[in-house]
Structure formats: structure tokens, C-alpha cells
Amino acid sequence: NGSGKTTLFKAILNLIHIDSGDIILLDKNYKEVDKNKIGCTLANISLCEYIKLKDLIDVLKNTYKDFDVDSFLQKCNQYQFPLDKKINEFSTGMKAKLNVLIALSHHATFLILDEPTNGLDVLAREEIIDLIREFMEEDENRLVLISSHISSDLEGLCDDIYMIDDGKFVFHETTDCLLDQYGLLKLTNKHAALTHALATVSALPLIHLNSQNGNPGEQRINCSERTEKTAKTTINKTGAYQKQQKHQYFPVKEHTCRRP
């Protein structure tokens with residue numbers, strides 16, 4: 001929160017002035033891009049909530065020259081949106097889905113989605129992710145820029161992951177590389193020493209040996225297949241590494257590891 005994600009998106013959309021630098025979007029300067037080719041949802045920017053959904057359709061017709069009325073009405077019917085109901089009477093999940101539907105309604109080439117699933121339950125999140133995935137599958141030339149705190153949402157959609165902090169990119173990796181080469185290692189303080197020994201046996205040096213926050217159980221390590229097999233490590237459905245010994249699971253703490 002407060003790292004600069006929404007500010008970046010507003011800059012791309014030319015909603016705020018940038019002090020320096022250039023933004024190239026769809027092979028053009030961002031100020032020259034046809035806004036009909038961009039669909040967006042921004043955090044904390046609400047629709048005109050005091051009009052009915054059927055009246056909003058008229059607004060969208062006059063806003064986007066390629067607004068697809070039939071497709072939009074079909075989706076509204078699919079999600080059981082009442083056309084005669086004011087938008088401020090919609091639930092949080094309904095508003096979130098409506099925001100994404102509007103972004104998809106005019107056959108945009110580029111989507112900017114600022115935390116589109118924030119605050120939603122699992123089912124509502126999955127419906128929105130399915131909408132975005134469907135949009136991507138219809139045309140391989142379409143692009144999506146999405147911000148989220150929920151890693152599982154990004155995992156199922158994105159080719160590249162960036163981490164932003166204080167307005168700067170501090171990390172970038174492809175999703176495949178993240179899933180293949182990184183993991184969450186969960187250990188007790190008791191087994192930190194065991195991990196150290198296993199890494200030594202595997203001839204893999206530990207990195208960042210100094211414990212974090214003075215806790216000897218929190219150490220960043222290199223992790224190889226040999227180390228994992230020796231430690232009888234299993235990987236659960238969330239991609240987290242969990243220590244296992246005689247089928248007994250120990251109280252765990254989280255560790256980050258990368259195998260070379």
C-alpha cells in the first residue's frame with residue numbers, strides 16, 4: 001500500500017502530470033493513444049452510483065465508440081444484474097464485476113486493472129479472474145496490466161511479475177521462473193540448524209546467514225533438489241515448502257528460498 005501502483009496507472013492514463021520520463025503505450029507516446037483502445041478500473045474511483053444500470057448503458061454508448069451493447073447486456077444477464085436498480089444498491093462484488101465488465105465492454109486492446117479483486121470473497125474473485133482470462137484468450141495481441149496483493153490471482157494470469165516500492169521497481173521475474181525456482185520454506189527454529197547441515201552436506205553455501213530480526217529460525221537459503229530430497233520436503237498446493245519427518249508436521253515459520 002502506498003508504493004505507487006495507482007499513481008503509475010494514472011500516469012499511463014494521462015490523468016496526472018509526470019515530472020520527467022516517457023511512457024510508450026501500444027508503440028505510441030501515451031498522450032497520442034486512442035483511449036477507446038484502453039479499458040481500465042482504478043481503485044477508489046466509483047461509478048456514478050445514483051443512476052440505474054440501464055441509464056449507465058446510455059452513458060457508455062456515448063463514451064466508447066466501440067461499446068458492444070449486446071455483449072454487455074448478455075454479461076449483465078449472466079451475472080443477474082438488475083437493469084432497473086441503482087448502482088449504489090449493488091453489493092461490493094457486483095460493483096467490482098460491473099467495473100471489469102465496463103472495461104471489457106468496448107473491445108479494448110490494453111487493460112489496466114488496479115486491484116480488481118480487492119476485498120472480494122473467493123467466488124467473486126474467481127469470476128473476475130475468469131472474465132479477464134476470457135478477454136485474453138479471445139485475442140493473443142491483447143495486453144493486461146494488473147496490480148494485486150493476492151499472489152494466486154497473478155499466478156493464473158500473468159507472464160511477468162514486478163514488485164514496486166516507493167515508486168521504483170525493486171524486483172522483476174517471469175511467473176514461470178518464480179514458480180519453478182522460488183518457494184516458501186517453513187521451518188521451526190529447531191530445524192534451522194538441520195537446514196544448515198543439509199546445505200553443507202549438499203555442498204551448497206548458505207546465503208544471508210545472519211538471521212532476520214535476530215531470530216535464528218529465519219534464514220534465507222539456497223535450496224537444491226538434493227537438499228529437498230534429503231530433507232524429505234514436500235510441496236503443498238499453495239507452492240509452499242513444508243518440512244516433514246515421520247509424518248509429523250512441526251509448528252512453522254516462513255522462509256524464502258531460491259534454488260539455482
Side-chain angles (χ1 to χ4, degrees), residues 1-49 59-60 62-67 95-96 98-120 125 128-129 131-133 135-136 138-179 181-182 207-208 212 220 256 258:
N1 291 322
S3 62
K5 301 183 301 296
T6 301
T7 301
L8 174 64
F9 288 176
K10 288 181 177 179
I12 293 172
L13 293 167
N14 198 23
L15 297 176
I16 59 174
H17 173 73
I18 61 174
D19 298 318
S20 61
D22 296 309
I23 299 174
I24 304 300
L25 182 61
L26 301 177
D27 297 323
K28 293 182 179 180
N29 182 282
Y30 71 111
K31 294 181 179 180
E32 301 172 357
V33 174
D34 181 1
K35 294 301 186 290
N36 283 284
K37 293 185 176 181
I38 301 175
C40 73
T41 65
L42 293 179
N44 303 321
I45 295 182
S46 300
L47 299 164
C48 185
E49 297 190 347
V59 174
L60 295 173
N62 292 307
T63 303
Y64 300 112
K65 63 183 181 182
D66 295 324
F67 178 67
K95 288 178 184 178
L98 180 58
N99 271 324
V100 175
L101 282 182
I102 292 171
L104 302 175
S105 66
H106 54 285
H107 303 293
T109 304
F110 183 54
L111 278 189
I112 295 178
L113 306 174
D114 191 9
E115 300 187 46
T117 61
N118 188 36
L120 302 183
R125 274 174 39 213
I128 287 179
I129 294 300
L131 276 173
I132 300 168
R133 189 177 290 113
F135 166 84
M136 295 164 62
E138 286 175 356
D139 187 344
E140 62 180 14
N141 293 317
R142 287 175 171 172
L143 308 169
V144 178
L145 181 62
I146 181 172
S147 69
S148 180
H149 294 280
I150 305 170
S151 60
S152 58
D153 290 353
L154 302 177
E155 225 176 83
L157 287 173
C158 300
D159 297 311
D160 288 81
I161 304 289
Y162 291 83
M163 184 178 291
I164 188 171
D165 181 46
D166 195 23
K168 297 183 176 69
F169 289 118
V170 296
F171 179 81
H172 166 231
E173 194 63 88
T174 65
T175 306
D176 288 343
C177 182
L178 275 174
L179 296 175
Q181 298 188 20
Y182 291 78
I207 60 173
H208 300 308
Q212 300 171 6
R220 185 180 297 269
T256 303
R258 175 177 183 175

Show your working on side-chain contact (heavy atoms from CB on, under 4.5 Å) between Leu13 and Leu42 and close with a plain yes or no.
-> CA-CA 10 Å; Leu13 293 167; Leu42 293 179; 4.0 Å; yes
By side-chain contact (heavy atoms from CB on, under 4.5 Å), which residues pair with Lys31, not counting sequence neighbours?
-> Asn14, Asn29
Flag yes if more than 12 heavy atoms outside Asp66 fall under 6.0 Å of its CG atom; otherwise flag no.
-> yes
Test item: Pro116 and Ile146 side chains (from C-beta on) under 4.5 Å apart, heavy atoms = yes
Quick one: sort the Tyr162 and Phe169 rings into parallel, tilted or perpendicular, breaks at 30° and 60°.
-> tilted
Worked verdict on Ile23 versus Ile18 for side-chain contact (heavy atoms from CB on, under 4.5 Å) | CA-CA 10 Å; Ile23 299 174; Ile18 61 174; 4.2 Å; yes
May I ask you to test the Ile38-Val33 pair for a side-chain heavy-atom distance under 4.5 Å?
-> yes
Answer yes or no: is there a side-chain heavy-atom contact under 4.5 Å between Lys5 and His149?
-> yes
For residues Arg125 and Leu120, report the shortest heavy-atom separation together with the two atoms involved.
-> CD-O, 3.7 Å
OG1 of Thr63 to CD1 of Ile102: how many Å apart, nearest 0.5 Å?
-> 9.5 Å
Gap between atom CG of Asn141 and atom CE of Met136 - 0.5 Å precision | 12.0 Å
Nearest heavy-atom pair of Phe135 and Arg142: which atoms, and what distance?
-> O-NH1, 2.9 Å
Rounded to the nearest 0.5 Å, what separation is found between the CG atom of Asp34 and the CD atom of Glu32?
-> 12.0 Å
Tell me the side chain to side chain donor-acceptor pair (under 3.5 Å) pairs involving residues 108-118, sequence neighbours left out?
-> Thr6-Asp114, Asp114-Ser147, Thr117-Asp153
Could you pull out the closest heavy-atom pair between Tyr30 and Lys35, with the gap in Å?
-> O-NZ, 3.6 Å
Flag yes if more than 12 heavy atoms outside Lys28 fall under 6.0 Å of its NZ atom; otherwise flag no.
-> no
Beyond-backbone contact of Leu104 with Leu111, side-chain heavy atoms, under 4.5 angstrom = yes
Closest contact, heavy atoms only, Thr41 versus Ala103 = CG2-CB, 4.1 Å
Point-to-point distance, once rounded to the nearest 0.5 Å, from SG of Cys177 to OH of Tyr182 = 5.5 Å
Which atom names give the shortest non-hydrogen contact between Asn36 and His106, and what distance separates them?
-> O-CD2, 2.9 Å
Go through the structure and list residues passing side-chain contact (heavy atoms from CB on, under 4.5 Å) with Ile161, not counting sequence neighbours.
-> Leu154, Cys158, Thr175, Leu178
